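All of these numbers come straight from a predicted model, not from anything done at the bench. Note that these values count all heavy atoms, side chains included, but never hydrogens, waters or copies made by symmetry.
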2 protein chains.
Amino acid sequence: MTIVKDPSDAPLRAYLGYGLKRAFNTIQTDLNETLRPHGLRMISFSALSLIGAHERLRQSKLAELLTIEPPNLVVILDELERAGLIEKTRAMADRRAYEISLTAEGTKVLARARKDVEGHDRRMTRAINAEDRAALVRMLEQVERQGSREHD
Amino acid sequence: MTIVKDPSDAPLRAYLGYGLKRAFNTIQTDLNETLRPHGLRMISFSALSLIGAHERLRQSKLAELLTIEPPNLVVILDELERAGLIEKTRAMADRRAYEISLTAEGTKVLARARKDVEGHDRRMTRAINAEDRAALVRMLEQVERQGSREHD
DNA sequence: TATTGTTATACTCTATAACTATA
DNA sequence: TATAGTTATAGAGTATAACAATA
């Protein structure tokens, strides 16, 4: 086991964004390795989870929840549809819109992937106790909200 | 001021990577806006800071500190050199290597940019007190280290 | 032979403009 | 006229292979 203790980047460690970027890169790499066997990546796993959590989810609503632009969601949904994990059906109320739902296969893949993601998550936060971890998640949400405010 | 309270992504809020990604996206957007007037972006500001903190920094060492691949650093340094902020001189000890240092102009730009980055940082962490903020930074470092370990 | 830095290249993520079909 | 979804495209960020100069 090797822990790098080089303090040469100390001047940057003072900024939250620097640590955030490095922690995120670490987690993203590990998460994508975790999801690859399931044919998923971070963003498509997120999409699949949200589709599983909502009845007849609108594509526009999903893009909003994922905070991605609609054109980028199209590619992700094409991927999930080709893999047989989701279905898109025209909304009865508005024939422009699509309602997205999991297929039986999608439900199975999501359950399996979720187990591995939970393992990944435990691995990444092994050194942090439950209370601190909850505080960490709460603070990250505060940072996220801070950026969506006007400079008030 | 608007705070989004839509709990529709609750199933994903359980995973650290999800919150980390969202917080990082928020910070990166704000930081890049902060740095644009200085002709810098997150990665080039980081490079400039490290060059300023080390005498005759080797290009290979800088890539390692920034955790980026050497080919990607070439582009960043070209950018900083064209802007007149850094100088590359051949190392006397090893004529393959370059030693990077700030120009007088680079020193000035770095000082000005750093002030704005500190403002950005205070803005992003306004809702978090000093003690919690220190804990946040420490936990992010733990997460980063966790990923660089073998699965032990 | 190995290492420093470079070139060329490719893949992912993100963002915008312009289009289509419906409303 | 406006909205839901799409197509095409472009810009970042990141990664690898192959090369030149030097060790």
Side-chain angles (χ1 to χ4, degrees), chain A residues 17-18 20-22 24-33 35-36 39-47 51 56-82 86-100 147, chain B residues 17-18 20-22 24-33 35-36 39-47 51 56-82 86-100 147:
Chain A
Y18 185 73
L20 215 44
K21 180 188 180 124
R22 296 176 76 103
F24 173 63
N25 282 350
T26 292
I27 277 213
Q28 190 180 39
T29 299
D30 190 279
L31 182 55
N32 280 332
E33 277 168 26
L35 288 170
R36 189 170 308 121
L40 297 171
R41 53 208 166 103
M42 188 167 186
I43 189 69
S44 54
F45 171 76
S46 296
I51 294 164
R56 297 185 308 284
L57 183 58
R58 290 288 177 94
Q59 198 165 322
S60 51
K61 178 69 176 170
L62 179 54
E64 185 194 313
L65 288 176
L66 291 168
T67 56
I68 64 174
E69 298 305 315
N72 297 324
L73 182 55
V74 172
V75 184
I76 296 159
L77 293 184
D78 282 353
E79 194 179 304
L80 292 173
E81 199 177 18
R82 250 181 292 112
I86 63 160
E87 273 174 349
K88 296 167 63 171
T89 56
R90 285 283 180 191
M92 54 286 123
D94 183 343
R95 288 177 32 75
R96 292 170 304 181
Y98 284 110
E99 292 170 344
I100 322 286
Chain B
Y18 184 74
L20 215 43
K21 180 187 180 124
R22 298 176 76 103
F24 173 63
N25 283 350
T26 293
I27 278 213
Q28 190 180 38
T29 299
D30 191 279
L31 182 55
N32 280 332
E33 277 169 26
L35 288 171
R36 190 171 306 121
L40 296 172
R41 53 207 166 103
M42 188 167 188
I43 189 69
S44 55
F45 171 76
S46 295
I51 294 165
R56 297 184 309 283
L57 183 57
R58 291 287 176 94
Q59 197 165 321
S60 52
K61 177 68 175 172
L62 179 54
E64 185 194 313
L65 288 177
L66 291 169
T67 57
I68 65 175
E69 297 304 314
N72 298 324
L73 181 55
V74 172
V75 184
I76 296 160
L77 293 184
D78 281 353
E79 195 180 304
L80 292 173
E81 199 177 18
R82 250 182 292 112
I86 62 160
E87 273 174 350
K88 297 167 62 171
T89 56
R90 284 285 181 192
M92 52 289 125
D94 182 343
R95 288 177 34 74
R96 292 171 303 183
Y98 283 110
E99 292 171 345
I100 324 286

Can you tell me how far [atom2] of [N] sits from [atom1] of [X], to the nearest Å?
X     : N      : atom1 : atom2 : value
A/Q59 : D/dT3  : CD    : P     : 17 Å
A/L73 : D/dT3  : CG    : C1'   : 16 Å
A/R95 : C/dA23 : CZ    : P     : 6 Å
A/N72 : C/dT16 : CG    : C1'   : 10 Å
A/R58 : D/dT3  : CZ    : C1'   : 11 Å
B/L77 : C/dG5  : CG    : P     : 9 Å
B/E81 : C/dG5  : CD    : P     : 13 Å
A/R96 : D/dA4  : CZ    : P     : 6 Å

Is the distance from OP1 or OP2 of [N] to the nearest side-chain N or O of [X] less than 4.0 Å?
X     : N      : answer
A/K88 : D/dT6  : yes
A/K21 : D/dT14 : yes
A/N25 : D/dT14 : yes
A/S60 : D/dT3  : no

Nearest 0.5 Å, please: how far is CD in B/E99 from CD in B/Q59? 11.5 Å

What's the closest nucleotide to the [X] side chain, out of [options]?
X     : options               : value
B/A97 : C/dA17, C/dT4, D/dG5  : C/dT4
B/I68 : D/dA4, D/dA17, D/dT14 : D/dT14
B/Y98 : D/dA4, C/dG5, D/dA23  : C/dG5

By nearest nucleotide on DNA chain D, pick out whichever of B/E69 and A/D78 is the more 5' one. A/D78

Quick one, B/R58 with B/Y98, criterion side-chain contact (heavy atoms from CB on, under 4.5 Å). Give me CA distance, side-chain angles, the key distance, then yes/no. CA-CA 6 Å; B/R58 291 287 176 94; B/Y98 283 110; over 6 Å; no

